[in-house]
Structures are given as C-alpha cells and as structure tokens.
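In this text, all values refer to a predicted model and were calculated from it rather than measured experimentally.
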Amino acid sequence: MRGVVMYAPGDVRVEDRPEHQILQPSDAIIRLSATCVCGSDLWPYRGADKITGPTGMGHEYAGIVEEVGSAVTTIARGQFVVGSFFASDNTCEICRAGYQTSCVHREPGAPDGAQAQRMRVPLADGTLVATPEVPDADLVPDFLAASDVLGTGWFAAVAAEAGPGKTVAVVGDGAVGLLGVLAAKELGAERIIAMSRHEPRRRPRTGH
C-alpha cells in the first residue's frame, strides 16, 4: 500500500509500505476514505519536534472497516467509521468521565500513520464510531472533522464553561478555533468573539 512517511524536517515522502495486519484481537483494519494534516504534524516538519527515524504521518481519519479482530464486537466490516487520534477502551473510569484521551489503556490511535491507503486501529470498539450508513462522498470531509478538531474544539468550550449568559473569546480561527466557536454556540454562549491574525477573515460580512 502507499503511505506518507516523514524522514526529517521538510523531508516527506509517499512510498510503498507493508500491508497492515491484525496484531491484537481488539484491532481493526480500515481503508481510508479521507485523512488530513494536523497542526501538530507541522512541528516535526518545521524541526520544532525531534524526529528519531522514518515515521508514518497522520492521525485524523475516516474510512471503511475491512477487517476486525476476534475481540471486536461493536464495529463490523463494511461500516464507515471515524476514529480518534488516541485509542481508548471507552470503558475505564477515566473514559466514562469523558476523558477518553487519558484512558488508562490509551495508545496512539494511528500507530503507523493515517495518511495512507489503509491503517490499523487499536482498541477498535472504544476508538471507532460508526455512522448509520456509508455517507455520500461529498459528506466525507465533514465527518473527517469529527476525528480531531471537533472534539478538541468541544473540549475547549466545555473547559471554558461556555454556556447561557456567557461571553466566550476564541483565540485563533483555524479548524479547531472554528469548531470551538460552533461548540460554544451549541452550549448556549450568548456572545462569541473570534480572534484572528488573518485580515481577510476579520472583515465584517454583509448580506448573510
């Protein structure tokens, strides 16, 4: 299969990689429908984070389940699923409290990288969420946003205690910031101020 590998800052290659196999009974193999670049991918690309060797890139993903391990019970072949950047069992005390990224059994959700044709997902029952049906192709990017930026923006809004009667300031208007705006609105914030360094985005909009 083809996959994206970072060798050094600024050195990113698309190359042939070994096909994934089920390594643990709780694993799943999915065929990627969409994947994207996260801001955290840019730290090693720019040299801010050290790279110790060739590394499969990506941890934001959505796709079709092709194979599941013998212990997987809630995810089935053929389903369209969205996954998290951390794998979790979703059953431990910390997961049940809503902090799945701090699961006592957590591990990278895309240990070999998600910018590829296929990937292995650990702890599939707790990490993957299936949609009722396979979405149309034009909707897939919207589901991809749920893999990382939606959860991050939602957590930020909850941590800031956004809610009725509150004024919320969102610093930054990238993907996470915009999802933070939507999350604050969904939580009932009365006024939301989005701050941006990008002049075109700060212009008042008319006719909407």
Side-chain angles (χ1 to χ4, degrees), residues 4 6 8-12 32-51 55-63 81-88 90 94-103 106 108-110 113-115 127-129 131 135-208:
V4 179
M6 184 182 296
D11 184 359
V12 176
L32 279 306
S33 301
T35 182
C36 63
V37 175
C38 178
S40 61
D41 294 325
L42 301 179
W43 294 109
Y45 181 81
R46 293 168 175 163
D49 288 348
K50 186 177 180 180
I51 302 173
T55 304
M57 291 186 64
H59 55 259
E60 299 185 37
Y61 58 94
V81 293
V82 179
S84 173
F85 50 96
F86 272 114
S88 61
N90 206 29
I94 296 174
C95 284
R96 293 197 306 272
Y99 297 94
Q100 285 86 348
T101 54
S102 296
C103 174
R106 84 169 190 170
Q115 293 172 16
T127 305
L128 298 174
V129 176
T131 59
D136 293 336
D138 62 334
L139 293 178
V140 170
D142 296 331
F143 282 98
L144 179 61
S147 182
D148 186 336
V149 293
L150 173 58
T152 304
W154 181 268
F155 181 81
V158 170
E161 300 182 359
K166 299 288 187 67
T167 294
V168 176
V170 179
V171 181
D173 61 348
V176 172
L178 293 176
L179 269 297
V181 169
L182 292 177
K185 181 178 180 181
E186 184 68 20
L187 290 169
E190 182 176 315
R191 185 181 185 213
I192 304 171
I193 303 169
M195 300 183 180
S196 174
R197 294 182 299 174
H198 304 280
E199 192 277 332
R201 300 181 190 175
R202 297 197 302 265
R203 294 174 187 163
R205 295 194 175 192
T206 60
H208 297 282

- Task: Dump the intermediate steps for side chain to side chain contact (heavy atoms under 4.5 Å, CB included) on Val170 and Val168, then the final yes or no.
- Result: CA-CA 6 Å; Val170 179; Val168 176; 4.2 Å; yes

Practice problem: Apply side chain to side chain contact (heavy atoms under 4.5 Å, CB included) to His59 and Ser40, showing your working. | Solution: CA-CA 10 Å; His59 55 259; Ser40 61; 3.2 Å; yes

message: One pair to check against side chain to side chain contact (heavy atoms under 4.5 Å, CB included): Ser102 and Ile94. What are the steps and the verdict?
response: CA-CA 7 Å; Ser102 296; Ile94 296 174; 3.9 Å; yes

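Of all heavy-atom pairs spanning Val181 and Ile192, the tightest one is O-CD1, 3.6 Å. Scanning all heavy atoms of the two residues, the minimum distance from Thr131 to Pro135 falls at OG1-CD, 4.1 Å. Here the closest non-hydrogen pair linking Gly165 and Glu190 is CA-OE1, 3.5 Å. For Gly47 against Pro9, the heavy-atom pair with the smallest separation is CA-CG, 3.7 Å. Between Ala183 and Gly153 the shortest heavy-atom distance is CB-O, 3.9 Å. The two atoms that bring Gln115 and Cys36 nearest to each other are NE2-O, 3.2 Å, heavy atoms only.
To the nearest 0.5 Å, the span separating CG on Asp136 from CG on Asp142 amounts to 11.0 Å. One distance of note links CG of Leu179 with CD of Glu186; it measures 12.0 Å at 0.5 Å rounding. Taking CG of Leu32 as the reference point, atom CD of Glu60 lies at 12.0 Å (rounded to 0.5 Å). Atom CG of residue Leu42 and atom CG of residue Asp49 lie 10.5 Å apart, to the nearest 0.5 angstrom. In this structure, CZ in Arg106 is found 14.5 Å from OH in Tyr99, a value given to the nearest 0.5 Å.
The backbone N or O of Thr101 sits nowhere less than 3.5 Å from a side-chain atom of Ser88 that would complete a donor-acceptor pair. With hydrogens and angles ignored, the 3.5 Å screen pairs no side-chain donor or acceptor of Ser196 with any backbone N or O of Asp173. In this structure a side-chain-to-backbone donor-acceptor pair under 3.5 Å is missing from Lys166 to Arg191.
No side-chain heavy atom of Asp11 sits less than 4.5 Å from a side-chain heavy atom of Met6. Residues Val12 and Val4 meet the side-chain proximity criterion, which asks for heavy atoms closer than 4.5 Å. At least one side-chain heavy atom of Ile193 sits less than 4.5 Å from a side-chain heavy atom of Thr167. Val158 places a side-chain heavy atom less than 4.5 Å from the side chain of Leu187. A 4.5 Å side-chain heavy-atom check between Tyr61 and Asp148 finds every atom pair outside the cut-off.
Evaluation of the ring-ring contact (aromatic ring centres under 6.0 Å, His included) rule for Phe143 yields Phe80 as partners, not counting sequence neighbours.
In this structure, Glu199 places its CD atom where more than 12 heavy-atom neighbours from other residues, nucleotides or ligands lie under 6.0 Å away.
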